[in-house]
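Everything on this sheet refers to the single structure shown next.
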Amino acid sequence: MKKILIRFVNGFCYSVAITTVIELIVMKMIGHVAMLPEFAAHYENDVIAFCVQLLLVGVMSGVTSAGTILFELKRPGLLWQSILFLCVMLAVWIPTACYLWGFHKYLTSMISCLVSIVVTYGICWGIQYRLCSRDVKEINQRLNQKEV
């Protein structure tokens with residue numbers, strides 16, 4: 001449980017920091033906070049809307065980071081771990097993307113979100129695949145040493 005919480009907090013903090021920096025750059029370029037008017041309309045002002053956006057982006061990343069714990073389960077194989085991780089990730093990303101960026105309404109948003117999902121999933125899966133491969137190699141080396 002402690003590992004899950006640490007991963008969640010780390011993912012949350014990193015994404016909030018990165019999103020803030022990117023948003024500051026965008027605000028400097030366009031002169032205002034970049035967000036959907038439909039989303040911003042739910043809140044009294046853009047500052048509150050931006051804070052909610054940061055919170056939700058942090059939760060998305062926190063869940064993704066915490067979800068990598070699934071790859072450390074010894075029982076299911078890498079295929080099941082990968083499927084479970086994708087399901088957990090999508091369960092949070094899709095509703096959040098619909099609310100924040102109109103994933104279900106706008107083609108640009110859909111493309112952007114899908115690219116983000118694929119890249120994020122790919123990075124997490126790639127790291128876990130390498131770790132799994134390393135473990136298998138170590139096991140095989142130990143087995144070979146016992147045979148000799």
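For residues 4-15, the salt bridge (charged side-chain N to carboxylate O under 4.0 Å, His left out) pairs, not counting sequence neighbours, are Arg7-Glu72. Residues in residues 23-40 take part in these side chain to side chain donor-acceptor pair (under 3.5 Å) pairs, two or more places apart or across chains: Glu38-Tyr106. Sequence neighbours left out, not one pair with a member in residues 80-102 passes salt bridge (charged side-chain N to carboxylate O under 4.0 Å, His left out). Applying the salt bridge (charged side-chain N to carboxylate O under 4.0 Å, His left out) test to every pair with at least one member in residues 87-99, sequence neighbours left out, gives no pairs at all. Residue pairs meeting the salt bridge (charged side-chain N to carboxylate O under 4.0 Å, His left out) criterion with at least one partner in residues 52-70, sequence neighbours excluded, do not occur; the list is empty.
When the ring-ring contact (aromatic ring centres under 6.0 Å, His included) test is applied to Phe8, no partner is found at least two apart in sequence or on another chain. Evaluation of the side chain to side chain donor-acceptor pair (under 3.5 Å) rule for Ser109 yields no partner, not counting sequence neighbours. Listed by chain and number, the residues in a side chain to side chain donor-acceptor pair (under 3.5 Å) with Tyr14 amount to none (sequence neighbours excluded). With sequence neighbours left out, the ring-ring contact (aromatic ring centres under 6.0 Å, His included) criterion links Phe85 to Phe71, Tyr121. Partners of Trp125 according to the side chain to side chain donor-acceptor pair (under 3.5 Å) rule, which considers only residues two or more places apart in sequence or in another chain, are Ser82.
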Between side-chain atoms of residues 50-59 and protein atoms elsewhere (two or more places apart, or another chain), which donor-acceptor pairs fall under 3.5 Å?
none

List the atom pairs, donor and acceptor, that lie under 3.5 Å between side-chain atoms in residues 87-99 and the rest of the protein, sequence neighbours left out.
residue	atom	partner	partner atom	Å
Trp93	NE1	Thr64	OG1	2.7
Thr96	OG1	Val92	O	2.7
Tyr99	OH	Tyr43	OH	2.5

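With rounding to the nearest 0.5 angstrom, the CD1 atom of Ile117 is 7.0 Å from the CE atom of Met60. A distance of 10.5 Å separates CZ in Phe103 from OG in Ser116, rounded to the nearest 0.5 Å. To the nearest 0.5 angstrom, Lys137 atom NZ is 13.5 Å from Asn144 atom CG. To the nearest 0.5 Å, atom CD1 of residue Ile25 and atom CD1 of residue Ile30 are 12.5 Å apart.
Note on Val16: it does not cluster hydrophobically with Val26, by side-chain heavy-atom contacts below 4.5 Å among ILVMFWY residues. When hydrophobic clusters are built by joining Ile, Leu, Val, Met, Phe, Trp and Tyr residues whose side-chain heavy atoms come closer than 4.5 Å, directly or via intermediates, Leu114 is grouped together with Leu36. Both Val115 and Leu107 sit in one connected hydrophobic cluster of ILVMFWY residues. Membership requires side-chain heavy atoms under 4.5 Å apart, directly or through other members. Under a hydrophobic clustering in which Ile, Leu, Val, Met, Phe, Trp and Tyr are joined whenever their side-chain heavy atoms come within less than 4.5 Å, directly or via other members, Met35 and Met29 fall into different clusters.
In this structure, the side chains of Leu70 and Trp80 stay at 4.5 Å or more apart for every pair of heavy atoms. Taking the side chain as every heavy atom from C-beta outward, Arg142 and Ile139 never approach each other to under 4.5 Å. Using a 4.5 Å cut-off on side-chain heavy atoms (C-beta onward), Thr108 and Ile111 make no contact.
More than 12 heavy-atom neighbours from other residues, nucleotides or ligands sit within 6.0 angstrom of CD on Glu138.
Within the 3.5 Å criterion, the main-chain N or O of Phe12 finds a donor-acceptor partner in the side chain of Ser15.
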